[in-house]
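Heads up, the thing below is written out as structure tokens.
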Amino acid sequence: MSSPARPGAAATAAAAVILGVVVAACGTLVHRWEAASLPGGVILALVAVLLGAVVARALADGGGVALYALAAILTSQTMTFFGPGGDVLVTGELLSNVWLLGVPVAAAAAALTPRSWYAGAPAVPARHSGGPHLGDV
């Protein structure tokens with residue numbers, strides 16, 4: 001027998017998809033930005049993808065990451081091939097290739113994080129054995 005769906009599962013799934021679309025769209029817009037010949041835009045965009053995937057994992061576990069990654073990949077690919085008036089946001093340059101390949105890699109990195117990072121129970125404080133404590137004077 002299957003377990004019942006969590007309350008709000010549809011809302012968390014929708015949130016993961018919306019987050020994937022927004023992060024990928026913003027990342028596509030800024031990935032080619034450079035400051036002092038450093039690829040700041042693509043680094044910032046990929047960090048945002050990774051953090052968004054971590055949020056999706058916290059919201060809806062593995063299914064959330066999968067939905068987030070699918071939405072982010074589809075959004076970045078769509079913005080690559082369809083632009084207004086023939087404008088190109090994603091070129092054939094190295095930064096654009098790093099962006100397009102980095103989106104699924106960054107999302108997969110969040111999927112590989114330990115499940116214990118997302119546990120609902122608070123962490124158990126470590127017990128100290130013997131020795132003076134800061135308050136013991």
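If you're wondering where the values come from, they're calculated on a predicted model, not measured in any experiment. Numbers here simply count residues along the sequence, with the first being 1.
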Got a sec, which residues hit side-chain contact (heavy atoms from CB on, under 4.5 Å) with [X], two or more places apart in sequence or on another chain?
X: T91; value: R32, V88, E93, S96
X: A11; value: none
X: A111; value: V65

Without placing hydrogens or testing angles, list every side-chain donor-acceptor pair under 3.5 Å for residues 43-55, not counting sequence neighbours.
none

**OP:** Would you mind reporting whether D61 and R115 have side-chain heavy atoms less than 4.5 Å apart?
**Re:**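 Of all side-chain heavy-atom pairs linking D61 with R115, at least one is under 4.5 Å.
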
Is there a path of hydrophobic side-chain contacts, each under 4.5 Å between heavy atoms of I/L/V/M/F/W/Y residues, joining [Y] to [X]?
X: L94; Y: V90; result: yes
X: L59; Y: L19; result: yes
X: I73; Y: L67; result: no

Quick check for you: to the nearest 0.5 Å, what is the distance between H31 atom NE2 and C26 atom SG?
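It is 13.5 Å, given to the nearest 0.5 Å.
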
Mind checking who shares a hydrophobic cluster with [X], ILVMFWY linked at side-chain heavy-atom distances under 4.5 Å?
X: V22; result: I18
X: L112; result: none
X: W33; result: none

For the residue pair T12 and A60, what are the closest heavy atoms and their distance?
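Looking at all heavy atoms of both residues, the closest pair is OG1-CB, 3.9 Å.
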
Grab the two heavy atoms, one from A56 and one from G64, that are nearest each other, plus how far apart they are.
->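 Residues A56 and G64, closest heavy atoms: CB-O, 3.6 Å.
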
Scan residues 38-52 for pairs that pass side-chain hydrogen bond (donor to acceptor under 3.5 Å, both in side chains), counting only residues two or more places apart or in two chains.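 Of all non-adjacent pairs touching residues 38-52, none passes side-chain hydrogen bond (donor to acceptor under 3.5 Å, both in side chains).
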
Legend entry - Residue pairs, two or more places apart or on separate chains, that pass side-chain hydrogen bond (donor to acceptor under 3.5 Å, both in side chains) and touch residues 104-113: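 The answer is R57-T113, T113-Y118.
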
Let me check something: any side-chain donor-acceptor pairs from residues 98-107 under 3.5 Å, sequence neighbours excluded? List them with distances.
from	atom 1	to	atom 2	distance (Å)
W99	NE1	T28	OG1	3.2

Exam field: side chain T75 to backbone A72, donor-acceptor pair closer than 3.5 Å:
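A pair under 3.5 Å: no.
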
